[in-house]
Protein chains: 2
Amino acid sequence: MAEKQKSPRTTPKVVDVARIAGVSTATVSRVLNDPEKVSQTTRDAVLAAVKETGYRVNRAARNLRTNSSRSILALVPNLSNPFFSNILSGLERELNAEDYSLLVTDSGDALLTSDQMDRLISAGQADGLIVLDGSISRSDFATVQADNPSCPVVFACEWVEDVKCPSVRADNVGGVQKLVDHLWENGHRRFGHVMGPASNVLAQVRRDAFMSRVQELGGETRQNWILAGDFSIAAGRAAADQIGVMRDTPTAWICASDQIAFGLISGLTRAGFNVPTDMSVTGFDNIEMAEVFNPPLTTIHQSRNQMGHSAARTMLELIRGQKSDARVHILPVHLVDRDSTGPVPC
Amino acid sequence: MAEKQKSPRTTPKVVDVARIAGVSTATVSRVLNDPEKVSQTTRDAVLAAVKETGYRVNRAARNLRTNSSRSILALVPNLSNPFFSNILSGLERELNAEDYSLLVTDSGDALLTSDQMDRLISAGQADGLIVLDGSISRSDFATVQADNPSCPVVFACEWVEDVKCPSVRADNVGGVQKLVDHLWENGHRRFGHVMGPASNVLAQVRRDAFMSRVQELGGETRQNWILAGDFSIAAGRAAADQIGVMRDTPTAWICASDQIAFGLISGLTRAGFNVPTDMSVTGFDNIEMAEVFNPPLTTIHQSRNQMGHSAARTMLELIRGQKSDARVHILPVHLVDRDSTGPVPC
DNA sequence: TCGCCCCTTGTAATCGATTACATGTTCTCC
DNA sequence: GGAGAACATGTAATCGATTACAAGGGGCGA
């Protein structure tokens, strides 16, 4: 108490705090990590010392000793997709609240995927992996898991088929059904689809749901009305080009993402079609842009924040050993009816 | 060589590699960090042992010893803005190439800002800070810098006035001038502006550039034609509402961001105005969406990748002590002329 | 041949926290 | 009053790498 070091030449350490509080380093550590184990008076003294010195634990030291990093790696297929950024916000908020940090890696370049993950996880830089990328191959993924058997993995939004990990996702099948039904009620009978990347689960699930629902209702779709894509605006434009040269087209297009829908509508408009009077177009995600697009986009809303939140919670449970096994958590979605869909043209 | 441990119960450490290679741990470490200091033959032996064991350095241990974290923290005002996500991609690529990781924090919630930074930097979790958020108050920022005098800071895109740090940014003034000039050439004489958040440098700079240019050319603008906003789509819509009840309006609106422009055009359209025949509208950023928006948006393109790249390089130089001081790096921009602008209505 | 330097390598201290184990104190209950 | 539980605290080992310092050996000039 009497001493005061005016110039903290060096950052304070546990020993400094301990000295000032008149206790051992073990006690300081306990106060910081397991307050109940320490008597009220000592605790107060230590906390006062902490405040006085402005002490902060050195993460590297703690991490080394506890063999953990208190940070989680998120693997995102494409950072520039606003849909993912939104989920990341949710993740970050939740993790920070529990004193975890969020490490972000854009797997977009693909070249890294498996190597990247190894680099971060094996090196003990991340305690867990939240995968938002469903394009990772099963085998790549298996390799990483084999290398890091103890690293908890949670899938969010997308996932890898046949991998037993907790997964948080939207009701993709239900969403697509709502879209098809909505168009059906508007009199449409001939449907087309612009897919996400063929290797992506989400793209596959949505396409399959599309095909079954159309079939169930007795509508029509054809092989060449199902166009390849990759969730991007560019894919939508490319699809429009293909449609431009089709002899016979559907009256309604269901796109695997909002971005595809924007590109598609833009391309169709440029090609002289009017949406929705000539063709109806729907998206999936309900990103903020959907509302102000011209025409405003009919789409499926999924709650991004809740997805991020839920994924983060699941991860934390996993880390803390409250095994929430290979639970699949499916979040409800709802249709947002706007102006990109209308009655079938006569 | 003869020995082979079939079950690597535990992850290999330097001592394991050393034993297998028949050298000391110091040598192993040298091979990994300072290869020239070791003879060719030893080096090969060690590398072979590394490969055999599948050894990876334990980052926590290295970080503790070297007192660094090999990761950089990016402070982003709003992760869901695609503009930033793009910059992040650039940053990440560049940093990863140098074996640095990118830590991302969304300062959007504001509540954290200064505290957040402290938490990560003081705790030695980040070796440097890349600030993309120009809304941080000068004093908040000063606090953080005082607490962490040795933490290098680079501003990217946005910046904090009067803080001496390297900064990478677009030619905002030039961009706004190009927009005003372009509209002027189209016959417009009365200009309005929708701002970013008033506390944000970028918003201020763009507004000031707008006002000076209009004045220079002898055009007209008024106090109440300069609307408050915050870079968001919602701000654009709100602006449209205000314009709707104006008695006398400009013929051209310059928005501080593409997103504002989207919201504005959407709102104006809903209110019965046609863009561009009734009013011209411009954005700033040229995000991907600008091209497919209806009408396609006239805007200023800034190279996001280059911005991320350049910021990352500057940061690495800073860390390595190649002092690239308070250099301000201004990247050129160019006008992209699309259909949201047209001749002044008669 | 001696002495000096350079090159390569090893020994052991070190970074800063956590925690198993030991110690000491107080309290309870028979 | 004493055995033993329950609690509070301290001592010192430990996590896994890096690196200052020391030392061995070879080459070279005098």
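Atom set for the values below is all heavy atoms of this structure, side chains included, hydrogens, waters and symmetry mates excluded.
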| message | One pair to check against side chain to side chain contact (heavy atoms under 4.5 Å, CB included): B:V46 and B:V23. What are the steps and the verdict? | response | CA-CA 8 Å; B:V46 170; B:V23 299; 3.9 Å; yes
Taking for A:T25 and for B:A61 the nucleotide of DNA chain C with the nearest heavy atom, the one nearer the 5' end belongs to B:A61
**Atom CG of B:N67: over 12 foreign heavy atoms under 6.0 Å** =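 Counting neighbours around CG of B:N67, 12 or fewer heavy atoms of other residues, nucleotides or ligands fall under 6.0 Å, so no.
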side-chain N/O [X] vs [N] OP1/OP2, d < 4.0 Å:
X     : N      : result
A:T27 : D:dA8  : no
A:R62 : C:dT18 : yes
B:T66 : D:dA17 : no
A:Y55 : C:dA17 : yes

Just how far, in rounded Å, is [atom2] of [N] from [atom1] of [X]?
X     : N      : atom1 : atom2 : value
A:R65 : D:dG16 : CZ    : P     : 10 Å
B:D16 : D:dA17 : CG    : C1'   : 13 Å
B:D34 : C:dT8  : CG    : P     : 12 Å
A:K13 : C:dT18 : NZ    : P     : 14 Å
B:R70 : D:dA17 : CZ    : P     : 16 Å
A:R59 : C:dG16 : CZ    : C1'   : 14 Å
B:L32 : D:dT18 : CG    : P     : 7 Å
B:N67 : D:dT19 : CG    : P     : 11 Å

Scan [X] against the nucleic acid and name what it touches under 4.0 Å (heavy atoms): base, sugar-phosphate only, or nothing.
X     : value
A:T42 : sugar-phosphate
A:V38 : sugar-phosphate
A:V23 : sugar-phosphate
A:N33 : sugar-phosphate
B:V28 : nothing

Practice problem: Going by the side chain to side chain contact (heavy atoms under 4.5 Å, CB included) test, name the single residue among A:D127, A:V154, A:T314 that passes it with A:I319. | Solution: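 With A:I319 as partner, side chain to side chain contact (heavy atoms under 4.5 Å, CB included) holds for just one option, A:D127.
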Original post:
Is there a donor and acceptor pair closer than 3.5 Å between the side chain of B:R30 and the base of C:dG10?
Top reply: yes
Ranking A:R43 and B:L64 by the position along DNA chain D of their nearest nucleotide, the one closer to 5' is A:R43
Evaluate A:E98 against A:R313 for salt bridge (charged side-chain N to carboxylate O under 4.0 Å, His left out), listing each step before the verdict. CA-CA 10 Å; A:E98 304 275 349; A:R313 289 244 61 85; 3.6 Å; yes
| request: Return the nearest nucleotide to the side chain of A:S29; candidates are C:dT8, C:dT18, D:dT11. | output: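 Nearest nucleotide to the side chain: C:dT18.
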Do B:T105 and B:L73 come within less than 4.5 Å of each other through their side chains, counting heavy atoms only? yes
For A:N305 and A:G90, which heavy atoms make the closest approach, and how far apart are they?
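Heavy atoms only, the tightest pair is OD1-CA, 3.8 Å.
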